[in-house]
Amino acid sequence: MSMVTSESTSAPSGQHPAARSDAMVSALVATKGKAGRSAFPAAFYLANGMEIFERLAWYGFFTLSSLYLTSPLSQGGLAFTEQQRGFVQGMIPFLLYLLPVLTGAMADQYGYRRMFLLSFMLMAPGYYLLGQVQDFWAFFAVFLLVALGAACFKPVVVGTVGRSTDDSNRGLGFGIFYTMVNIGGFIGPLVAGYVRAISWDWVFIMSAFWISLNFIPALCWYQEPKVHKPARPDLPLLQEIQLVLGNGRLALLVVPLLLLLMFSSLTALSFWQIAAVAGLWITLNALWSLLLAAGNSKATRWYSSPMKIGNKAFVCYLLILTGFWTIYNQLFITVPLFIRDFVDTRDLVLSIARFAPSWLDYLAVVDITQLSQLLPELADAYQQQSQNLLQISQTLYHYKVRVPADELVAGLQALAQHQTDALSLATAWQQQHRQLNPEYIVNLGFALIVLLQIVISLFIQRLPALAVLVVGTLVLSGGLFCFGVSGLLPIGGFAITGAVLLFSLGEMLASPKSQEYVAAIAPGHQTAMYMGYYFVAMALGYLFAGLLSGWAYQLFAVEQQQPMLMWVFFASLGLLTSMFLMWLHLSLKPQQKTRC
């Protein structure tokens with residue numbers, strides 16, 4: 001469930017941790033019956049240790065980021081709008097996943113150890129400062145600093161693993177590495193969820209602390225692994241991009257459209273106005289191409305060259321796979337908000353109280369002091385009719401209590417008429433209507449992947465990559481639909497838990513095979529290079545995931561109070577993605593070169 005977008009001399013860039021299954025399975029198969037496996041050097045273990053701490057920091061914040069960005073100021077949040085939240089959660093990871101193309105080249109030039117130290121010097125203060133700023137653009141600037149540091153870290157840590165392994169132990173090495181990734185992704189939200197009950201500030205302090213710990217191995221023990229010079233030099237970066245993706249004319253068309261999409265959520269433009277601007281730009285580019293063709297003159301500048309797509313099959317695949325990453329990322333940026341606002345998890349709370357009541361002090365913490373200070377204000381607002389019951393209920397969701405409407409009315413009236421006091425009412429609601437922290441439910445997906453990924457990978461290793469990818473995407477879509485259903489059921493806690501586990505099953509099926517299929521459509525002598533550009537789909541997926549999450553949540557969940565429509569929309573996008581994947585396969589009929 002964690003995401004890695006780095007490039008090494010031997011490992012694909014942008015590899016998702018769920019893809020650790022390929023590495024693990026390869027290890028199990030490749031090392032079977034071989035006694036001559038090389039030992040791992042110290043740099044390998046140091047890189048794995050640093051990766052754990054970096055993932056603790058990233059997912060300690062990012063899994064909770066939707067809650068933090070939209071929580072009211074009185075709760076320690078930033079009170080951003082859904083559009084602002086979507087912009088931040090789309091734009092920052094988008095840049096984070098693209099920058100390793102450049103930072104990886106810098107690491108090869110200036111050295112891994114220096115890039116490690118640079119990344120920690122950017123991330124450690126960046127994470128701390130995230131908790132110190134409240135203005136939207138200030139927060140965005142600091143988060144961008146964190147993203148830049150993470151982009152420096154990713155290619156170096158995977159490059160270290162790649163350089164520290166050889167043919168005899170590479171599968172096992174990357175299997176260990178991706179296991180460490182997911183362990184960090186599992187523990188980080190658990191720690192952050194606990195300390196946020198104290199204060200949101202501690203979430204950022206802990207993230208900064210985890211990163212700061214990495215200075216110790218980087219300064220004291222890390223030594224850059226030796227690397228053998230390749231027999232054939234790599235192409236310059238720009239030439240490689242043109243060969244794989246397309247030329248400058250194509251970039252002239254695409255980049256402005258992406259920028260329009262990025263900033264559209266922060267403007268007053270309507271959907272149709274944005275569509276008109278995009279259509280005008282596409283039309284102008286098409287006319288320019290027609291004029292160039294009619295002139296039949298030799299191109300002397302890049303902008304006078306014909307528009308060219310690199311490998312059409314690969315570009316189509318990346319565009320379609322963007323849909324997969326768009327729906328996948330809803331688990332982190334939309335599901336926590338949905339659980340907080342629409343899912344009644346009292347059934348889980350009651351079950352935990354029956355078997356391990358002390359766990360509720362960790363899993364379903366309610367700050368009674370804050371709640372008791374809030375209740376008189378809500379009682380006055382209800383009496384004066386300045387807030388309706390829905391608005392009052394939504395305010396209480398931020399304090400992790402979900403009170404039935406009739407009991408809410410009775411309680412507010414009793415408080416307004418001085419028939420009870422705020423502390424007694426807060427204590428009663430805390431005991432009867434507390435809710436489970438959303439991040440702990442989402443975190444169950446990490447746990448399931450740690451437990452079952454190897455088993456599932458062994459089961460599907462002989463199956464065709466595309467078939468499993470399509471099935472996995474359909475399972476993801478089913479999980480998205482079940483998210484919506486969970487908000488309609490009286491056993492919402494168990495229902496949303498089942499939906500998260502179903503969703504994670506789809507990830508375990510699809511994510512490893514999504515990379516395997518690249519080998520089937522890439523030219524044989526360029527497979528490694530094409531795998532290096534796989535992360536473009538992940539970057540675009542993050543971008544669209546954030547933008548669509550902000551738009552859909554505001555429209556369907558907030559304004560229309562119909563979150564089921566939102567999940568139907570995302571599930572339909574997943575279904576459409578699987579259909580296009582199958583269409584691509586049937587249209588191109590690539591040679592199957594799976595490595596299973």
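- Side-chain contact between W567 and Q330 is present, with heavy atoms from C-beta onward closer than 4.5 Å.
- The OG atom of S549 sits 13.5 Å away from the CD1 atom of I327 when rounded to the nearest 0.5 Å.
- Scanning both residues, A537 and L321, for their nearest heavy atoms gives CB-CB, 4.1 Å.
- Between L415 and A379 the shortest heavy-atom distance is CD2-CB, 4.0 Å.
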> After noting the C-alpha distance and the side-chain angles of L396 and L375, does the key distance pass the side-chain contact (heavy atoms from CB on, under 4.5 Å) rule?
Replying inline: CA-CA 9 Å; L396 290 174; L375 291 181; 4.2 Å; yes

> Checking side-chain contact (heavy atoms from CB on, under 4.5 Å) for the pair L489/F494: CA distance, chi angles, key distance, verdict?
Replying inline: CA-CA 10 Å; L489 299 177; F494 283 107; over 6 Å; no

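- The number of heavy atoms from other shown groups lying within 6.0 Å of OH (Y128) does not exceed 12.
- In this structure R402 satisfies the side chain to side chain donor-acceptor pair (under 3.5 Å) test together with Y397, sequence neighbours excluded.
- For the residue pair S74 / Y399, a side-chain donor-acceptor distance below 3.5 Å is found, with atom types taken as modelled.
- Distance check: H398 NE2 to S393 OG gives 11.5 Å after rounding to the nearest 0.5 Å.
- What you find for A150 and L96 is that their closest heavy atoms are CB-CD1, 3.7 Å.
- Side-chain contact between L389 and Y382 is present, with heavy atoms from C-beta onward closer than 4.5 Å.
- The side-chain heavy atoms of L548 and F570, taken from C-beta on, include a pair separated by under 4.5 Å.
- Between T81 and Q554, every side-chain heavy-atom pair lies at or beyond the 4.5 Å cut-off.
- Closest heavy-atom contact between Q391 and S386: OE1-O, 4.1 Å.
- Sparse packing is recorded around CD of Q134, with 12 or fewer heavy atoms of other residues, nucleotides or ligands lying under 6.0 Å away.
- Taken to the nearest 0.5 Å, the CZ atom of F53 stands 13.0 Å off from the CE atom of M123.
- Contact of the I333 side chain with the R85 side chain is registered, since non-hydrogen atoms from C-beta on lie closer than 4.5 Å.
- In terms of heavy-atom proximity, F481 sits nearest to A571 at N-CB, 4.1 Å.
- In plain terms, the two heavy atoms of L501 and L444 that are nearest each other are CD2-O, 4.1 Å.
- In this structure, W137 and F87 have perpendicular ring planes: the angle between them is above 60°, well past the 30° mark.
- No hydrogens or angles considered: nothing links the side chains of R340 and S66 as a donor-acceptor pair under 3.5 Å.
- Taking the centre of each ring, Y68 and F204 come in below the 6.0 Å mark.
- Here CZ of F342 is found 9.0 Å from CD of Q562. Values are rounded to the nearest 0.5 Å.
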> Can you list the steps and then say if F120 with M50 is a side-chain contact (heavy atoms from CB on, under 4.5 Å)?
Replying inline: CA-CA 10 Å; F120 303 148; M50 289 188 285; 3.8 Å; yes

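- Counting heavy atoms from C-beta outward, V365 and K400 have side chains that approach closer than 4.5 Å.
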> Could you go step by step and tell me if V343 and F483 meet the side-chain contact (heavy atoms from CB on, under 4.5 Å) rule?
Replying inline: CA-CA 9 Å; V343 179; F483 287 150; over 6 Å; no

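- Other residues, nucleotides and ligands contribute only 12 or fewer heavy atoms inside 6.0 Å of the CH2 atom of W202.
- Residues S65 and Q89 bring a donor and an acceptor atom of their side chains to less than 3.5 Å of each other.
- The aromatic rings of F80 and F136 lie perpendicular to each other, with more than 60° between the two planes, well past the 30° mark.
- Note: F569 and F556 have tilted aromatic rings, judged against thresholds of 30 and 60 degrees for the angle between ring planes.
- Contact annotation: the side chain of I352 approaches that of L363 to within less than 4.5 Å [non-hydrogen atoms, C-beta and beyond].
- Between W58 and Y127, the distance separating the two ring centers is not shorter than 6.0 angstrom.
- Using a 3.5 Å distance cut-off with no hydrogens or angles, the side chains of Y59 and N443 do not pair a donor with an acceptor.
- Side-chain contact, D344 with Q435: a donor N or O sits under 3.5 Å from an acceptor N or O.
- Annotation: Q385, atom CD; neighbour count of heavy atoms from other residues, nucleotides and ligands within 6.0 Å does not exceed 12.
- At least one side-chain heavy atom of E407 sits under 4.5 Å from a side-chain heavy atom of W429.
- Rounding to the nearest 0.5 Å gives a distance of 6.0 Å between OG1 of T334 and CE of M566.
- Distance check: S572 OG to L565 CG gives 10.5 Å after rounding to the nearest 0.5 Å.
- Partners of F580 under the side-chain contact (heavy atoms from CB on, under 4.5 Å) rule, at least two apart in sequence or in another chain, are I320, L576, W583.
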